[in-house]
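Only one structure is covered here, and it is reproduced in the block below.
In what follows, chains are A, B, ... by sequence order, proteins preceding strands, each numbered from 1.
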Number of protein chains: 2
Amino acid sequence: MITVVLVDDHPVVRRGLRALLEELPELEPVGEAADGAEALRLLEQFAADGRPRPDVVLMDLQMGAGMNGVEATRRITALPDPPAVLILTTYSTDADILSAVEAGATGYLLKDAPPEELASAIRSAAKGDTVLAPPVAARLLGRSRPGRPVLSPRELEILELLAEGLPNRQISKRLFISEATVKTHLVHIYEKLRVDSRTSAIAAGMQTGLIRAR
Amino acid sequence: MITVVLVDDHPVVRRGLRALLEELPELEPVGEAADGAEALRLLEQFAADGRPRPDVVLMDLQMGAGMNGVEATRRITALPDPPAVLILTTYSTDADILSAVEAGATGYLLKDAPPEELASAIRSAAKGDTVLAPPVAARLLGRSRPGRPVLSPRELEILELLAEGLPNRQISKRLFISEATVKTHLVHIYEKLRVDSRTSAIAAGMQTGLIRAR
DNA sequence: TTCCGAATCAATCGAAAGGTTGATGCCCGA
DNA sequence: TCGGGCATCAACCTTTCGATTGATTCGGAA
């Protein structure tokens, strides 16, 4: 019997997940939370009650105003003998995936996954196996080399500031570098995204999932 | 007994909605569809089987690659004696809300709505009453006058092209106006959004829901 | 009739962005 | 060691953008 905690800010989604899991003989939903903080309190409650910790936490990334899924994942996986954390979310950017993986998530699924795939992923996660939704895996494999993102970390940082609407001067001040350096990074960003202006870089960055809407 | 059809590309969401409705004595889920086209076929099937048409269609807006909720709403409400269409979606831009309303939707809810609110909205929609989620109503009332959007239609048009990454010259060609006119509109857009550059206008436009990510 | 907002257009000038060329240093893998 | 990627920086020039000022026309409401 695999015990699962459900964390999602949408009541409908939690209800659907609970219903799906209740139909599967080896999976048991044992709790729900609407954001990361509530999930942490729930896990603490398990410990306080002397109950065995759940095997898997099914975690959304976006939680409205509450603690988001990456932060919650980081804290949960830092607990002694933590449950596996399986991310289940609607939308993914490269940054989302990397953040979740770095935070210790054992898997990453998109919400359009059919129930069988979800069940299979939960079983794998409970065993400690890594699970990536096929589109997510394809996204990550589309990178030329492991550890070699399409944009460098610095380039991505600058693209995000660009999408916040900052001019080059302000970006340079934010990052403590010269404006010439910002421009050089932009040249590289434009090459890699095959664009020729900041606005088209923002558009392409969003389209490819490198950055998300500000 | 209010009969409801559920249209959402996420199996989990459909399952959650079905479970919630099954718990309510006067609401009965009578069908599901994963996109707009399937919803239409389902309604045709009701007619072909001589079954009474459903009272309410609960419709998501974004359907992955399938027919989206606005188009489906338009077609459903064009049917003879159509069901009420209640939009239930994650995210809303002003354009989304207006499009859905223009397409004939009777209501607009966000997915974080608690189950009681959802049930109440379905009952209202079945009676033909208009239902707006509080944040959505607040958004629409935040407009200074009915019929007076924060940005004029032309300004919004230009902001959308800006977010696609087009330079002024290309925007002018796209809209068959002079570049000077584009610049004038931009001046007005920057004033209204209280920004001073195209990139910050894009960021503010997305933040306020005027435009969506490209 | 008057006023206001929207749409359109022009010209000028300064600022910002983009393009180009060139350079250095560091790290890592072959 | 060498080469490549990354990060940093500079200078110069061209293009685009933003700010400003000014104007006209049209439609709708008061």
For A:Ala34, is there any backbone N or O sitting under 3.5 Å from a side-chain donor or acceptor partner on A:Glu38? yes

Any chance you could lay out the side-chain hydrogen bond (donor to acceptor under 3.5 Å, both in side chains) test for B:Ser178 and B:Thr181, step after step, and finish with the verdict? CA-CA 5 Å; B:Ser178 78; B:Thr181 303; 3.0 Å; yes

Rounded to whole Å, please give me the gap between CZ in A:Phe176 and P in D:dA7. 17 Å

Counting only side-chain heavy atoms from C-beta out, which of D:dT8, C:dA7, C:dA6 sits nearest to A:His185? D:dT8

Taking B:Arg75 first and then B:Glu71, would you say they form a salt bridge - that is, a charged N and a carboxylate O separated by under 4.0 Å? yes

B:Gln170 CD to C:dG18 C1': how many Å, rounded? 15 Å

Euclidean distance, atom CD of residue A:Glu191 to atom C1' of D:dG4 [Å, nearest integer]: 15 Å

D:dG5 phosphate, OP1 or OP2, under 4.0 Å from A:Arg154 side-chain N/O: no

Going 5' to 3' through nucleotides 10-27 of chain D and flagging B where a protein heavy-atom sits under 4.0 Å of the base, S where only the sugar-phosphate is that close, and - otherwise, we get B------BBSB-------

Does the distance from a Lys or Arg side-chain N to an Asp or Glu carboxylate O, for A:Asp60 and A:Lys111, drop under 4.0 Å? yes

Say whether, by atom type as modelled, one donor and one acceptor occur between the side chain of B:Tyr108 and the main chain of B:Leu86 under 3.5 angstrom. no

Strictly below 4.0 Å, N to O, side chains only: are B:Glu44 and B:Arg41 in salt-bridge contact? no

Could you tell me the separation between the CD1 atom of A:Ile189 and the P atom of D:dC6, rounded to a whole number of Å? 12 Å

To the nearest Å, give me how far apart NZ (A:Lys173) and C1' (C:dA16) are. 14 Å

Give the rounded distance in Å between these two atoms: CD of B:Glu157 and P of C:dA6. 15 Å

Specify the separation, in whole Å, of atom CD1 of A:Ile171 and atom P of D:dC9. 14 Å

I need the NE2-C1' distance between A:His188 and D:dT8, as an integer number of Å. 11 Å

